[in-house]
K.L.:
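What follows is a structure written as structure tokens; I'll ask about it next.
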Amino acid sequence: MLDVRPALDAAAAPPVIRREDYQAPDWLVPEIALDFDLDPARTVVRARLSVTRNGDHDRPLRLDGEELELLSVRVDGEAREGRIEDGRLVVDIAGGGATVETEVAIAPEKNSQLMGLYASGGILCTQCEAEGFRRITFFPDRPDVLSRYRVRLTADKARYPVLLSNGNPIEEGDAGEGRHFAVWEDPFPKPSYLFAIVAGDLACNRDRFRTMTGRSVELGIWVREADLPKTAHAMQALKDAFAWDEEVYGREYDLDRFNIVAVSDFNFGAMENKGLNIFNTRYVLADAETASDADIDAVAAVVAHEYFHNWSGNRVTCRDWFQLSLKEGLTVFRDQGFSEDMGSKAVQRIDQVRTLRAAQFPEDAGPLAHPIRPDSYIEIANFYTATVYNKGAEVIRMLRTILGAERYRKGTDLYFNRHDGQAVTCEDFVRAMEDASGIDLQQFRLWYSQAGTPRVRARLEQANGRAALHLSQEVPATPGQPAKQPMVVPLRVALIGQTSGREIVGERLVLLRTGEQVEPFASVSEPAYLSINRGFSAPVIVEAERRSGEIEALAVSDTDSFARFEAGQELMTRDLMAAIDGAELDPSAVVAAVGATLRSNVLDAAFKADAIALPGENILIEKLDAADPARVHAVREAMRRAIGTRLKDDLSRAYMGASRADPDSLSGEAKGNRRLRGATLSLLAAGDPALGRSLAARQYEGARTMTDRQSALMVLAMLGGDEAVAALDDFYRRFESDPLVIDKWFAVQASVPGEATLDAVTRLAAHPAFTLANPNRLRALAGNFAGTPSAFHREDGRGYDWLAEMIVAADKLNPQTAARFVAPLGRWRKIEPGRAAKMRGALERILGEPGLSKDVFELASKSLG
Ligand code: TRP
Ligand code: ZN
């Protein structure tokens, strides 16, 4: 017997993996048969691999393995001594191929990392992306080794009546001694990261979908019996996603079955395993009483995302993990398109950009900046980032903008057809786009290799009936990339007449390609305002020279709804930053713009809700060099108070109007109204706490949706006092048995601004319902606390200490999830020196911990850097 552990020596820094070192696999595995004898304490896994030598070489077969107890090895039926070198099983093979059989034992119930085979609330399930398969059996665990899988599962019939794997069920039956078995076969060759099994006592919401060629696909969403009523939204989204991908991308589903399983313990949102998606319950279970509108929308988006991976990820997969954005950027772009078509395009776009600014811009400006196709990593799990996902999606969006919708579609058709069944690179994707469109994308490729958010300066000059747009760009230095080349920046631009308020120059696409460039506009009859980066056509920071009154005007009259939102944000940012820098706060321009928005008869409720919200404190901090988070908070609150006081009547009217939303409807209008209700309540409370308290208490008590209940609870929690305590107690008792709602209870309390929140989170970490073992619960508490600047950035640095202790404690159980909380400590460069030193101190203490995972080691060491 042999116990194989990861080859991480605590003293030495873990090795760096580089993209340029890629080598094709020495051995291929066209077929694998797996046999699981399932037991939570000790599961025995037998694997039979048919291996073939790839190319002309004499190297042995090397199989990845991690925390496997090796029981036996056979080659062509003959027993072999198991030889482990550098944590891999080495098998000498004489000829061009062989049958290699291994037998290992694993302990799912002890698997707290949630990678490989693990137990979640009585369900046995797997997570293999990126490198979890090696924790199940010995295998060349890399995405360019594609195999056909045949899987046999045997388990106790009473505890695990349902046995699932990828592909199609081909056999099942009794196995004696209270056990039963099932055999699944997946006809599509796939990389090991897409392998999955599930065993559990699960109920199924069944439905079917008829594909574009008339095939019938059996759909199943598997959950605990009690959760069945909460699966309707996910099922509807699944059918919508099937139809959308046929219509918009011409992609049809390929198996006879599509199963989704929901589990409570999951490191990420969900996983696209072929024919057997495994989901965090958070992105499956939803009804109006327990899930907010935002949660319900997220369910639909994630269901669609994982479904779309069947083509962008599974049929065409990644050659190596540096190519991750090949599948993730493209699939996020596809799920964004789905959400835009199912809801309101304008509101979706604002939300997408909000996410990008809050999560990706800071990453791109900090010590962890990396291109969407990274050049190196220590732990690949650390590169499932907002850059790879969300900036990756923006890059695909720019491609579509530059090519036009039709040529873009030709490009994806060519990509999917040319590379079906292959493991390919980002370069292959760009080449398909080039070949299909005839457009040279040489310079565009820089978006894949250069990190950092480009800054674009814009100045409109106007004289004698003509105008000229002067543009310049600069790509900032990032770690490892001191000097940058100019990128292709597609900017949608229009000119709006100062007096007419109309588009006097209609929208056009300007491709900024050089460091400096001038774009001429002929016959501009009227003084013009510049509407630029409309629809957020490029993921850049635009600094436009503005005339007096220009952004105020655009904030109410820009003809592009995103640009109008953006002008409002620019206006708010300008006046907040001036006050943060020491000027006296002048809220008049912001109050006027917010008032005009509230009173508008043409804007819809959802847009109003977005447009009246001030930019978040984290976004403001990003724009500063030595931010004092307490001051940022105080100034922003003062602005909110001014809006709440001076626009009390407009806000009250909007609040009352929005309150008429039909609680049983999920229409865009009803959702928009609930959103506006929350946004106006929050501002009313800032202006008049007593009024806010009574409105929020009434809203909380009368709430028929989680959207209304949660927004009221947040306002009450921020205001504090007896009402807050009463509402939080009520909320807990009401939803005690629903873990996803209890996550909200933790999240709300951890998101309350101010230094006192540390005491709350310290208390909550000791609450019986808190556990480090469940990623959702940990994120609810630690993630929200670290994301609330005025709470996290206490002057005494104790917020940092608290987070560092959480990271160290969580790292012992689940390194992947623990590592996700390191980044907030790495933002020290943007914070004033006193706090920054304390943030560095916390990072140093983390690094001083013995036995640190390479996940946390990589991010903490780079963050100090
Ligand atoms: N591919 C998954 C997605 O849809 C990401 C994912 C799921 C993941 N589980 C994971 C990544 C665990 C790392 C670790 O985006
Ligand atoms: Zn994905």
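The structure presented is a predicted model; accordingly, all values stated were derived computationally and were not measured. Read the numbers this way: they start at 1 and go in the same order the structure lists the ligands and their atoms.
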K.L.:
Hey, is Asp743 close enough to Arg779 for a salt bridge, meaning N to O under 4.0 Å?
P.N.:
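No salt bridge links Asp743 with Arg779.
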K.L.:
Pick one: which of Asn774, Asn267, Asp855 meets side-chain hydrogen bond (donor to acceptor under 3.5 Å, both in side chains) with Asn814?
P.N.:
Asn267
K.L.:
Taking N, O or S atoms only and a limit of 2.8 Å, check whether Glu328 reaches the Zn ion (ligand 2).
P.N.:
yes
K.L.:
Scan for side-chain hydrogen bond (donor to acceptor under 3.5 Å, both in side chains) pairs involving residues 185-196, sequence neighbours excluded, and state none if there are none.
P.N.:
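For residues 185-196: Asp141-Ser192, Arg150-Glu185, Asp186-Lys190, Tyr193-Thr317.
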K.L.:
By side-chain hydrogen bond (donor to acceptor under 3.5 Å, both in side chains), which residues pair with Arg445, not counting sequence neighbours?
P.N.:
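Per chain and number, Arg445 pairs via side-chain hydrogen bond (donor to acceptor under 3.5 Å, both in side chains) with Glu427, Glu434, Gln442.
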K.L.:
With sequence neighbours left out, what residues match Val316 under side chain to side chain contact (heavy atoms under 4.5 Å, CB included)?
P.N.:
Tyr415, Phe416, His419, Val424
K.L.:
Hey, which residues fall under 4.0 Å of ligand 1 on heavy atoms?
P.N.:
Gln127, Glu129, Phe266, Phe268, Ala270, Met271, Glu272, His305, Glu306, His309, Lys327, Glu328, Tyr384, Tyr389, Gln816
K.L.:
Restricting to N/O/S, name the atom of His305 that gets closest to the Zn ion (ligand 2).
P.N.:
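Nearest N/O/S atom of His305: NE2.
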K.L.:
Under a 3.5 Å cutoff, is there a donor and acceptor pairing between the side chains of Tyr384 and Glu129?
P.N.:
yes
K.L.:
Where does the angle between the aromatic ring planes of Tyr448 and Phe444 fall among parallel (under 30°), tilted (30 to 60°) and perpendicular (over 60°)?
P.N.:
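Plane angle over 60°, so perpendicular.
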